[in-house]
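Everything on this sheet refers to the single structure shown next.
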2 protein chains.
Amino acid sequence: MARIPASERRSALVEAALRVVSRRGIAQATTRAIVAEAGMSLASFHYAFDSRDELIDELIATVVAREQQAVIPDLVPGQDLRQILESGLLRYLEHLKADPDHEQAMLELTQYALRSPERHPLAVAQYRRYAELAVHSLEIAAEAAAATWRAPVEEVAHVLVAFTDGLTLTWLVDRDDAAARAVARAAADALARMADDR
Amino acid sequence: MARIPASERRSALVEAALRVVSRRGIAQATTRAIVAEAGMSLASFHYAFDSRDELIDELIATVVAREQQAVIPDLVPGQDLRQILESGLLRYLEHLKADPDHEQAMLELTQYALRSPERHPLAVAQYRRYAELAVHSLEIAAEAAAATWRAPVEEVAHVLVAFTDGLTLTWLVDRDDAAARAVARAAADALARMADDR
DNA sequence: GTGCGACTGGGACGACCGTCCCACTTCGGT
DNA sequence: ACCGAAGTGGGACGGTCGTCCCAGTCGCAC
């Protein structure tokens, strides 16, 4: 095995862990499975990390920090706010369909963090990040549609995050595109009603 | 230990398993933990069930079948559809706050079922049940408000289920009552817009 | 080139997992 | 009263888990 500094091992192991969690679930993300995915030996694992818990915590922090704007609306001129939001949510749906395992992994990581008091802050941070991304999308959308959010945009963002979660879970269970699109449409409706035309 | 017929052991074990899953998560719901919760020995477990998997499957089927109308609107005369729906969602929120572990357990069971192809149908059945309950609530609400659903009520029900999931997840993470109420209000708004006055 | 610290491989440890076995006790039908 | 079936208890099995140890190897500074 090539000799790799511990810091690089850490990120390689985090990436491997994400792949394992996505493919097989967090319960199956054992030290041995992660190490096999990364092509290392167990010793390398515990040379880079003190414990599996430490890796999982870093995994959550990593995916949260990396989480990208999935719902960035693509701005077609002449669209009203409702249309912009709906197309943004539909784009998120396409993203979900393209890599359902990843979204399922994010959901599992949240639930995992929720299960122990000392990890709960990780879930909170995850949702704070989601909210930030949502704020950004909502500001872009309102700007493009010449609208103003009636409530603080942070509050609207909470609603968008909740709707996105609901959309995700429903689609993951039913894999019903039409139903998911209906959810997206209704959510866009609700959000658009939280703004005034300018 | 008292002698109990196997059929009664089965339901006692299922109840114990639900308590363990709620309190500590499905990963901690080991045969030994369940048996200790039920006050039995391991032998009784494997006398009543062939395997842990069999119990978990029955647990999911049981909680799904038992799932009650949580969002039944309480009908105050003179309310319009939006108000009825919002008060129903707020009642669900109170239910969630009263027993968050139970809803978290339901979410975990869904994700657990999603992780293996042969258990996926259990998750689908769970959401079909949710949809049935939602249909019922929506019909009551529309009737009381003298409104008509523009789309098939089953479609609206999907949206309600998704919104409820989002509400649940957001509150479980943030425990932010005000944010959850905002989600409920927005969801009620969106749903009400899916009906016409009659 | 030599030494030392960084890194690696493989095997082992104790704990816990799901499951099984078997001797034993209790109960209902006769 | 008794006998077979139903139910129980405790211990044991093999497997997997997270973690650890240690002898060995590599690469870099001197």
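Protein chains get the first letters and strands the later ones, always in sequence-line order, with residue 1 at the start of each.
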**OP:** May I ask you to say what B:T30 touches in the nucleic acid, namely base, sugar-phosphate or nothing, with a heavy-atom cut-off under 4.0 Å?
**Re:** sugar-phosphate
Subject >> Neighbour count >12 (heavy atoms, 6.0 Å) for atom CD, A:E143 >> reply: no
Original post:
Taking the inter-plane angle between the rings of A:F45 and A:F49 on a 0 to 90° scale, is it parallel (under 30°), tilted (30 to 60°) or perpendicular (over 60°)?
Top reply: tilted
**OP:** Ignoring backbone atoms, test whether A:T31 places a side-chain nitrogen or oxygen under 4.0 Å from the OP1 or OP2 oxygen of D:dG18.
**Re:** yes
**OP:** May I have the distance from B:I34 (atom CD1) to C:dT19 (atom P), rounded to whole angstrom?
**Re:** 11 Å
Original post:
Could one point to a donor on the side chain of B:R52 or the base of C:dT19 with an acceptor on the other under 3.5 Å away?
Top reply: no
Subject >> Spacing of B:I56 atom CD1 relative to C:dC17 atom P, expressed in whole Å >> reply: 13 Å
Original post:
According to the interplanar angle, ranging from 0 to 90°, do the rings of B:H95 and B:H102 count as parallel (below 30°), tilted (30 to 60°) or perpendicular (above 60°)?
Top reply: perpendicular
Subject >> Residue met sooner reading DNA chain C from 5', once A:Y47 and A:L42 are mapped to nucleotides >> reply: A:Y47
**OP:** Measure from CD1 on B:I4 to P on C:dT25 and round the result to the nearest Å.
**Re:** 19 Å
Original post:
Quick one: do A:R119 and A:D57 make a salt bridge, cutoff under 4.0 Å?
Top reply: yes
Original post:
Nearest-Å distance, CZ (B:F45) to P (C:dG18)?
Top reply: 8 Å
Original post:
Counting side-chain heavy atoms from C-beta on, which of C:dG18, D:dG9, C:dA6 comes nearest to B:R32?
Top reply: C:dG18
**OP:** May I ask you to evaluate whether A:S51 reaches the phosphate of D:dG18, defined as a side-chain N or O under 4.0 Å from OP1 or OP2?
**Re:** no
